[in-house]
Amino acid sequence: MYDLIVIGGGINGCGIANDAAGRDLKVLLCEKNDLASSTSSKSSKLIHGGLRYLEHYEFRLVKEALAERETLLNNAPHIMWPLRFILPHRPHLRPRWMIMAGLFLYDHLSRLKTLRKSNSVSFGKDSPLIDDIKNGFEYSDGWVDDARLVILNAMSARHHGANILPQSDCVEAVREKDHWIVKIKNNVTQQVTTERCKMLVNAAGPWVGDLFKNVIAAKATKNIRLIKGSHIVVPKIHNNEQAYILQNEDQRIVFVIPYENDFSLIGTTDVEVDQDPSTVKISKDEIDYLVKITNKHFKRKITADDIVYTYSGVRPLLDDESSSAQAITRDYTLEIDQEEGAAPLLSIFGGKITTYRKLAEAATNRISEFFPTMSGTWTKTAPLPGGNFSNKKALKEKLIKQFPWLTDSLLDRYIRSYGTLTFKVLMGCFSKEDMGKHFGAELYQCEVEYLIDNEWATCTDDILWRRSKLGLKINEKQKEVLTKAIDTLINAPDDNYQIKENI
């Protein structure tokens with residue numbers, strides 16, 4: 001019997017599984033699709049305190065998020081790094097003194113151990129912004145590969161003994177006195193297995209309410225509102241290393257973020273939806289909105305024809321009865337449901353990626369009353385897999401010494417995806433030829449095999465969009481060859497297998 005069964009393979013579910021497994025609990029996590037296949041891979045890729053949340057007086061949330069920003073930058077330096085943001089000042093914004101006061105508060109709500117403080121800036125003729133924008137502000141936050149953050153938490157949970165089951169749908173959960181009987185269907189084989197646990201965790205994100213209704217057959221204790229956030233990716237519209245935060249006349253915020261070296265990521269929108277979260281797509285109105293606000297600020301104009309990729313995610317936000325989508329709190333609530341003598345249920349409502357570790361720690365602390373022998377907190381100072389290195393420069397020097405045939409661009413991508421796990425990706429490789437077939441965009445067979453064997457990848461989307469972002473650079477022919485190779489590697493594994501088809 002398991003201590004916990006966690007339903008949901010997003011950042012909150014994997015974070016809780018990792019924390020609990022590291023405290024000596026026996027944990028199983030099931031996810032009906034791939035890990036990070038929904039909201040947790042479709043964010044704005046930022047770890048930030050939420051500068052705009054100050055306008056809604058959410059000081060505790062901002063302070064907690066800023067503290068977590070520092071923790072995450074230390075624990076996962078491969079997939080996270082500091083990023084400077086420029087806020088252009090335009091006539092419709094608050095007075096300059098008021099914005100400076102807000103940035104002063106933002107700086108001092110955090111300890112700024114690794115990040116620089118904010119300052120005012122002036123823009124000259126070489127600025128990518130339109131000539132009418134003369135002044136602005138600059139402040140610090142951070143960038144994160146959101147999907148890899150989920151995967152690394154799942155890997156850490158597995159290292160601590162958790163059983164991680166992607167492509168596994170919880171179809172029924174029934175209380176049987178002091179434990180739960182849980183039926184899980186493997187979506188590949190269609191086989192249904194029955195597991196038992198002392199406590200159930202509903203971390204289904206946008207489907208948290210559906211789980212109550214369709215699986216647990218109980219009434220949800222809290223309501224959530226589903227808010228669609230859409231993003232577009234275009235060829236990079238400026239060469240600066242900073243991101244830009246644009247505030248429109250309607251008070252909405254849009255980020256323009258340097259993305260995968262050659263692109264700009266632009267988003268997000270806030271649209272309340274009432275539909276299956278797995279079916280949401282960007283609308284023409286959202287595209288027009290993002291294009292329009294970008295063109296209001298930058299000299300280089302874009303159109304819908306410039307878009308190379310879009311994605312939309314649904315944020316499950318705690319219903320605080322706010323009148324507008326952007327005003328809804330990004331805070332979270334943990335609810336424990338336990339009838340006397342019956343097995344407990346923990347449900348997660350709301351949350352944001354920056355505070356996932358704190359949420360997971362708080363959730364595991366809450367359940368300690370049911371597991372009195374559980375050990376203490378540990379994740380605050382524990383590096384995530386691959387994050388056990390002092391700095392990227394030193395790691396790169398070690399990799400160059402051991403793998404001198406790697407290109408500089410591939411080295412950089414490996415470091416910011418895998419950190420010290422790069423040595424495992426390249427295990428057994430003593431030359432470029434040992435890396436196996438090249439699929440395009442510097443994706444080699446050794447990396448594909450590593451992702452299948454160690455990171456639960458089963459298809460091209462897993463590899464090209466969640467384990468990496470190489471989907472932006474690989475063509476359709478290359479994708480077809482990769483698809484065939486993955487199928488062969490999964491269904492007919494062979495240590496000596498080599499892909500013979502040329503591209």
side-chain contact (heavy atoms from CB on, under 4.5 Å) evaluation trace for Leu426 with Tyr444: CA-CA 10 Å; Leu426 296 171; Tyr444 289 88; over 6 Å; no
Flag side-chain contact, heavy atom, 4.5 Å: Phe59 against Leu105: yes
Any side-chain heavy-atom pair of Cys459 and Thr483 under 4.5 Å: no
NZ of Lys432: more than 12 outside heavy atoms within 6.0 angstrom? no
If you look at every heavy atom in Gly267 and His231, which pair is closest and at what distance? CA-CD2, 3.5 Å
Pair Arg416 + Glu260, salt bridge at N-O below 4.0 Å: yes
Would you kindly say whether Asp141 and Tyr106 are connected by a side-chain donor-acceptor distance under 3.5 Å? yes
Distance-only side-chain donor-acceptor flag, Asn248 / Arg90, under 3.5 Å: no
Any donor-acceptor N/O pair, Asn75 side chain to Thr379 backbone, under 3.5 Å: yes
Any side-chain heavy-atom pair from Asp3 and Ile367 closer than 4.5 angstrom? no
Could you check whether Asn12 and Tyr332, counting side-chain N and O atoms only, form a donor-acceptor pair closer than 3.5 Å? no
For the residue pair Trp465 and Tyr311, establish whether any side-chain heavy-atom pair is separated by less than 4.5 Å. no
Taking side chain as C-beta onward, heavy atoms only, is Lys32 less than 4.5 Å from Ile7? no
Under 3.5 Å: donor-acceptor pair, side chain of Ser44, backbone of Leu46: no
If you take all heavy atoms of Tyr259 and Ser264, which pair is closest and at what distance? CB-C, 4.3 Å
Charged N-O contact under 4.0 Å between Asp146 and Lys45: yes
Testing the basics here: between Ala147 and Lys469, what is the closest heavy-atom pair and its distance to 0.1 Å? CB-NZ, 4.5 Å
For a quick test of reading the model, state the closest non-hydrogen atom pair linking Ile415 to Lys396 and the distance between them. CD1-CB, 3.6 Å
Flag the pair Leu359 / Ile16 as yes when at least one side-chain heavy-atom distance between them is below 4.5 Å, and no otherwise. yes
Is a side-chain donor or acceptor of Lys473 paired with a backbone partner of Gly440 at a separation under 3.5 angstrom? no
Heavy-atom donor-acceptor pair, Arg467 side chain to Leu451 backbone, under 3.5 Å: no
Between Thr354 and His48, does any side-chain donor sit less than 3.5 Å from a side-chain acceptor? no
Would you check, one step at a time, whether the test ring-ring contact (aromatic ring centres under 6.0 Å, His included) holds for Tyr309 with Phe263? CA-CA 10 Å; Tyr309 182 61; Phe263 304 93; 9.6 Å; no
Would you confirm whether Gln445, through its side chain, and Gly436, through its main-chain N or O, come within 3.5 Å as a donor-acceptor pair? no
Donor-acceptor under 3.5 Å (Asp34 side chain, Ser37 main chain): no
In terms of relative ring orientation, are Trp81 and Trp143 parallel, tilted or perpendicular, with 30° and 60° separating the classes? parallel
Could you tell me whether the side chain of Tyr244 reaches within less than 4.5 Å of the side chain of His297, counting heavy atoms only? no
Ion pair Arg60/Glu64, N-O distance below 4.0 Å: yes
Is a side-chain donor-acceptor pair under 3.5 Å present for Arg84 with Asn119? yes
Can you list the steps and then say if Arg466 with Ile151 is a side-chain contact (heavy atoms from CB on, under 4.5 Å)? CA-CA 9 Å; Arg466 287 180 285 277; Ile151 298 298; over 6 Å; no
Minimum heavy-atom separation for Ala441 and His438, please, with both atom names. N-NE2, 3.8 Å
With Glu68 as reference, evaluate Lys63, Lys380, Lys358, Arg357 under the salt bridge (Lys or Arg N to Asp or Glu O under 4.0 Å) test and give the passing residue. Arg357
Test your reading of the model: is there a side-chain donor-acceptor pair from Ser140 to the backbone of Lys117, 3.5 Å cut-off? no
Any idea how Phe298 and His238 line up, ring-wise: parallel (<30°), tilted (30 to 60°), or perpendicular (>60°)? parallel
Judged by atom type as modelled, is there a donor-acceptor pair below 3.5 Å linking the side chain of Asp306 to the main-chain atoms of Ile302? no
Of all the heavy-atom pairs spanning Val254 and Thr268, show the shortest one and how long it is. CG2-O, 4.2 Å
When you measure from the side chain of Ser41 to the backbone of Ala36, do you find a donor-acceptor pair of N or O atoms at a distance under 3.5 Å? yes
Does Tyr414 have Lys398 sitting over its ring (NZ/CZ under 6.0 Å from centre, angle to axis within 45°)? no
His78 versus Phe389: any side-chain heavy-atom pair under 4.5 Å? yes
Would Glu455 and Arg148 satisfy side-chain contact (heavy atoms from CB on, under 4.5 Å), going step by step from the backbone distance to the final call? CA-CA 10 Å; Glu455 296 194 8; Arg148 290 209 58 75; 2.9 Å; yes
Main chain of Asp19, side chain of His160: is a donor-acceptor contact present, judged purely on distance under 3.5 Å? no
